[in-house]
Asker: 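Pasting a structure below so you can have a look.
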Amino acid sequence: MNAYLEFHQTPFESGNLNRKTCELIYIALDASVNHLYSGGIEMHIVKALEEDATVYEILDTIQLSMLTVHATQCIDAPILIQEMERVGITPKELGNDLSDQDQATKNRYIETTGHWPKGADELLELSNRFAKAMLNYGEVPYESDALAPRI
C-alpha cells in the first residue's frame with residue numbers, strides 16, 4: 001500500500017470513528033473552499049450513502065465545510081484593522097460603529113451557533129452589509145437537525 005493510501009485509511013481502521021462519520025469528514029475536507037477536490041467529493045458521497053448517510057447529513061456536511069471561507073474573512077478583518085491602525089486609521093473613523101441592529105445580529109448568531117467568530121465585530125465595523133450576509137450564511141447549517149450537534 002502506498003503512503004497516501006495508508007495515511008488515508010488510518011481513521012477507518014482505528015475504530016475510533018464509524019465509517020459514515022469518516023466519510024462525512026472526508027466530504028467536508030474535499031468540499032472546503034480551500035481544497036475543492038471534486039473527485040474526492042464524489043467518491044466520499046457515494047461511500048457515505050453506502051454507509052447509510054442521509055442526503056441531508058451530506059448536505060449539512062457540505063454547508064459546514066463552506067464555513068471555512070467564513071473563518072478566513074473573520075481572520076482577515078483583524079489583520080486589516082491592525083494594519084489600518086499602524087498607518088493611523090481607526091475603524092471608528094469610517095463611521096461604522098456597531099448599531100443596535102448589529103448587536104441584535106450578533107446576539108442571534110450566538111444563540112443559533114453557540115459562538116461568535118473572532119474578528120466578527122471588526123468585520124461588522126468595516127463592511128456591515130458583507131458581514132451580515134456572511135453571518136446569515138454561517139447560521140444555515142445550524143438550522144438543520146440532520147447532523148448531531150457533535151459527532
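All values derive from a computational prediction rather than experimental measurement. Throughout, residue positions are numbered sequentially from 1 according to the sequence presented. Atom set for the values below is all heavy atoms of this structure, side chains included, hydrogens, waters and symmetry mates excluded.
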Asker: Using the six-membered ring wherever Trp is involved, compare the ring planes of Phe12 and Tyr26 and label them parallel, tilted or perpendicular (cut-offs 30° and 60°).
Answerer: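 Rings of Phe12 and Tyr26: parallel, under 30°.
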Asker: Look up atom NZ in Lys132 and atom CD in Gln101, then write down how far apart they are to the nearest 0.5 Å.
Answerer: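 Taking NZ in Lys132 and CD in Gln101, the distance rounds to 3.5 Å.
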Asker: Report whether Met43 and Ile62 are members of the same hydrophobic cluster (ILVMFWY, side-chain heavy atoms less than 4.5 Å apart, transitive linking).
Answerer: no
Asker: Test of understanding: with side chain to side chain donor-acceptor pair (under 3.5 Å), list the residues that count as partners of Gln103, not counting sequence neighbours.
Answerer: Asn107
Asker: Atom CD1 in Ile27, atom CD1 in Ile45: separation rounded to 0.5 Å?
Answerer: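 Rounded to the nearest 0.5 Å, the CD1-CD1 separation comes out at 5.0 Å.
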Asker: Measure the CG-CD1 distance between Asp30 and Ile25 for me, rounded to the nearest 0.5 Å.
Answerer: 12.0 Å
Asker: Looking only at non-hydrogen atoms, find the nearest pair between Asn18 and Thr21 and report the distance.
Answerer: OD1-N, 2.7 Å
Asker: Among residues at least two apart in sequence or on other chains, which ones pass salt bridge (charged side-chain N to carboxylate O under 4.0 Å, His left out) with Lys47?
Answerer: none
Asker: According to a hydrophobic-cluster definition based on side-chain heavy atoms being under 4.5 Å apart (Ile, Leu, Val, Met, Phe, Trp, Tyr only), do Leu49 and Ile41 belong together?
Answerer: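 Looking at the clustering, Ile41 is in the same group as Leu49.
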Asker: Of all residues at least two apart in sequence or in a different chain, which pass the salt bridge (charged side-chain N to carboxylate O under 4.0 Å, His left out) check with Glu51?
Answerer: Arg19
Asker: Checking Ser32 now: which residues fulfil side chain to side chain donor-acceptor pair (under 3.5 Å) with it, not counting sequence neighbours?
Answerer: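 Residues passing side chain to side chain donor-acceptor pair (under 3.5 Å) with Ser32: Asn34.
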Asker: For Glu83, enumerate each residue passing the salt bridge (charged side-chain N to carboxylate O under 4.0 Å, His left out) test, keeping only those at least two apart in sequence or located in another chain.
Answerer: Arg86
Asker: Looking at every non-hydrogen atom in both residues, tell me the closest pair between Cys22 and Pro11 and how far apart they are.
Answerer: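 Heavy atoms of Cys22 and Pro11 come nearest at SG-O, 3.8 Å.
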Asker: Distance from Arg108 atom CZ to Thr113 atom OG1, nearest 0.5 Å?
Answerer: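 Arg108 atom CZ to Thr113 atom OG1 measures 10.0 Å (nearest 0.5 Å).
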Asker: Among all residues two or more places apart in sequence or in another chain, which pass the salt bridge (charged side-chain N to carboxylate O under 4.0 Å, His left out) test with Asp121?
Answerer: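 Counting only residues at least two positions away or on another chain, Asp121 forms a salt bridge (charged side-chain N to carboxylate O under 4.0 Å, His left out) with Lys106.
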Asker: Could you measure the distance from the CG atom of Asn16 to the OG1 atom of Thr10? Nearest 0.5 Å is fine.
Answerer: 11.0 Å
Asker: Would you indicate whether the side-chain heavy atoms of Leu24 and Asp60 approach each other to under 4.5 Å?
Answerer: no
Asker: Once you round to the nearest 0.5 Å, how far does CG of Leu135 lie from CD1 of Ile110?
Answerer: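 It comes to 10.0 Å.
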Asker: Please examine the side chains of Thr54 and Lys20, heavy atoms only from C-beta on, and report whether any two atoms are closer than 4.5 Å.
Answerer: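 SC-SC contact between Lys20 and Thr54 ruled out.
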